[in-house]
Protein chains: 2
Amino acid sequence: MQVKREIPLYEQIYIKLRDSILHEEIKPGERLVDSRIAGQLKVSRGPVREAFRKLEQEGLITNSEGIIEVYVPSLQDVLELYQVRVGLEAVSVYWATHYMTKEQLDELYKSLLETEKAVKLKNLPEVIKLNTYFHESIVSYSKNKRLQLLMSNIRSLVFLYRNTIFNQYNRDHYFLSEHRGILDAIKEREPSLAAKRMELHIYNDMNHFKEYFLMHKEKEAELQNIKKHTE
Amino acid sequence: MQVKREIPLYEQIYIKLRDSILHEEIKPGERLVDSRIAGQLKVSRGPVREAFRKLEQEGLITNSEGIIEVYVPSLQDVLELYQVRVGLEAVSVYWATHYMTKEQLDELYKSLLETEKAVKLKNLPEVIKLNTYFHESIVSYSKNKRLQLLMSNIRSLVFLYRNTIFNQYNRDHYFLSEHRGILDAIKEREPSLAAKRMELHIYNDMNHFKEYFLMHKEKEAELQNIKKHTE
DNA sequence: CTCGTTTAACTTGCATTCATTTTAAACCCT
DNA sequence: AGGGTTTAAAATGAATGCAAGTTAAACGAG
């Protein structure tokens with residue numbers, strides 16, 4: 001019999017802070033002070049500092065001259081993350097094509113139908129959920145643990161950014177056919193084709209994100225202008 | 001003017017341990033005890049523990065039930081790392097093709113000639129050095145900071161593994177023409193072709209590594225058998 | 001009111017100390 | 001000698017204490 005050792009405090013604090021950052025209870029750019037957090041959580045500063053080091057290595061917080069702040073991704077950062085995703089998800093689907101069973105594939109086709117429904121109903125949260133499911137499934141079917149680890153880190157950062165700057169960017173329904181194209185390539189057991197389609201899909205996604213971002217910034221600038229003139 | 005704050009101890013310890021692991025002064029599987037290291041470095045345990053958390057997050061050490069050990073990669077792990085490399089380096093060369101200047105390209109061609117010389121002279125350390133230079137250059141020309149970060153982490157782990165299990169696996173000279181093919185594609189400014197060739201190159205590398213590994217294991221098993229019979 | 005100085009609070013980094021658990025060695029009894 | 005118990009050493013986890021530096025507020029002189 002194995003007796004489980006309880007999870008150490010620094011690990012619990014790490015998870016708690018990580019979640020708080022991803023759920024925006026702690027906002028990007030916000031400063032983190034070990035003593036303050038230790039006080040809030042009623043623990044000593046030691047474990048809090050250890051948690052900081054983990055978050056720092058993960059990229060969720062920055063440490064510049066001893067000043068700890070929640071990571072604030074720039075557009076450049078997000079584009080770089082997308083480029084990395086292109087590489088990693090292409091490899092994912094390449095190997096997933098080798099390993100996925102017919103049942104697993106059918107499941108994804110089914111989920112795709114649900115996504116279509118959700119798009120028609122303009123149920124955005126559901127669309128996002130299903131879209132995430134699509135990508136995460138394929139990554140997990142790659143049977144590559146490291147790929148999964150890297151992708152989960154990246155997803156955190158992209159997720160953080162999206163929720164930070166604007167609630168969601170409204171993607172059109174074009175991605176449905178792209179998803180279908182990827183599944184079709186898997187069905188035909190053509191890993192390279194599947195990878196190619198995944199690449200294009202994510203590049204498209206990236207470009208839409210970029211456009212939406214710039215549009216958003218423009219609007220913001222306009223608002224600033226109006227504000228200035230009325231002052 | 002900026003006055004630089006001195007580097008904190010935990011950071012120095014992190015770097016020191018990291019290097020020690022990569023240079024095999026600390027061997028894979030070896031247990032790390034914070035109090036012992038603190039004693040050796042004549043510091044307190046606090047900063048050592050913070051360094052541990054960074055190394056842990058980076059994947060260089062494992063933490064199972066509070067027992068900290070240097071990461072021992074399995075063959076599966078290394079193959080997974082190679083698969084990840086395929087994705088990341090393909091993306092690297094894709095973007096490097098956009099950004100590399102003629103001078104930078106010429107420099108790599110020149111380095112390739114040197115590699116050929118080194119291969120002829122069977123100067124293995126030089127070959128390895130130049131090979132690493134080739135790949136790292138392309139990653140850096142991608143102008144993607146995150147890509148560079150991920151690749152440096154991965155390189156550490158692969159490096160660790162190679163040096164651990166056997167000193168070096170002896171790759172044939174075939175990779176020279178593959179490198180040349182990649183550079184040619186960059187010269188023609190064909191990002192997709194360059195990416196494709198990089199993929200194939202790394203997959204080839206991976207397969208050779210695998211073969212070499214299994215051969216090595218076989219020999220080891222034989223030696224074990226002989227040992228048993230003579231006991 | 002503004003600029004500069006003083007000073008108090010805060011923050012970080014590191015060391016020391018303590019409690020608990022784990023490991024290993026010594027010991028004893030049969 | 002073998003097996004089990006006792007006990008001492010070591011290791012982890014966490015709290016507290018302290019020094020040095022930074023920030024910011026209070027204060028006062030011009």
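Lettering of chains follows the sequences in order, A, B, ..., and the numbering in each one begins at 1. Not measured: the values here are computed from a predicted model.
In this structure, the CG atom of A:D34 is 9 Å from the C1' atom of C:dG13, given to the nearest Å. If you measure from atom CZ of A:F52 to atom P of C:dT12, you get 7 Å, rounded to the nearest angstrom. Counting to the nearest Å, the P atom of C:dT12 and the CD1 atom of B:I7 are 19 Å from each other. Rounded to whole Å, atom C1' of C:dT16 lies 14 Å from atom CZ of B:R49. Summarising the geometry, the separation between CD on A:E6 and P on D:dT12 is reported as 16 Å, rounded to the nearest angstrom. Taking atom CG of B:N63 as the reference point, atom P of D:dA11 lies 16 Å away to the nearest angstrom. Counting to the nearest Å, the C1' atom of C:dA15 and the CD atom of B:E50 are 12 Å from each other. The separation between A:I37 atom CD1 and C:dT11 atom P is 11 Å, rounded to whole Å.
The phosphate of D:dA15 has OP1 or OP2 within less than 4.0 Å of a side-chain N or O from A:S44. Checking the phosphate oxygens (OP1, OP2) of C:dC14, no side-chain nitrogen or oxygen of B:Y10 falls inside 4.0 Å.
Between A:P47 and A:I67, it is A:P47 whose nearest contact on DNA chain D lies nearer the 5' terminus. Residues B:S35 and A:K42 both approach DNA chain D. Their nearest nucleotides, taken by heavy-atom distance, put B:S35 toward the 5′ side.
Across all strands shown, B:L32 has heavy atoms under 4.0 Å from sugar-phosphate atoms exclusively, and none from any base. Note on A:R36: nothing from the nucleic acid sits closer than 4.0 angstrom, heavy atoms only. Within 4.0 Å (heavy atoms only), B:G46 reaches no atom of the nucleic acid at all. Counting any heavy atom pair closer than 4.0 Å across all strands shown, A:R45 reaches a base atom.
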From CA spacing to verdict: salt bridge (Lys or Arg N to Asp or Glu O under 4.0 Å), A:E80, B:K143: CA-CA 9 Å; A:E80 288 185 3; B:K143 295 197 179 175; over 6 Å; no

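The aromatic rings of B:Y82 and B:F209 sit tilted relative to each other, their planes meeting at an angle between 30° and 60°.
Side-chain atoms of B:E107 and B:Y133 form a donor-acceptor pair, as typed in the model, at a separation below 3.5 Å.
Each of C:dT12, C:dG13, D:dT12 was ranked by its minimum atom distance to the side chain of B:P8; first place goes to C:dG13. Residue A:L9 places its side chain closer to D:dA14 than to any other of C:dT12, D:dA11, D:dA14.
With sequence neighbours excluded, the residues that form a side-chain hydrogen bond (donor to acceptor under 3.5 Å, both in side chains) with A:E136 are A:R155.
A centroid separation of 6.0 Å or more is found between the aromatic rings of A:Y99 and A:Y94.
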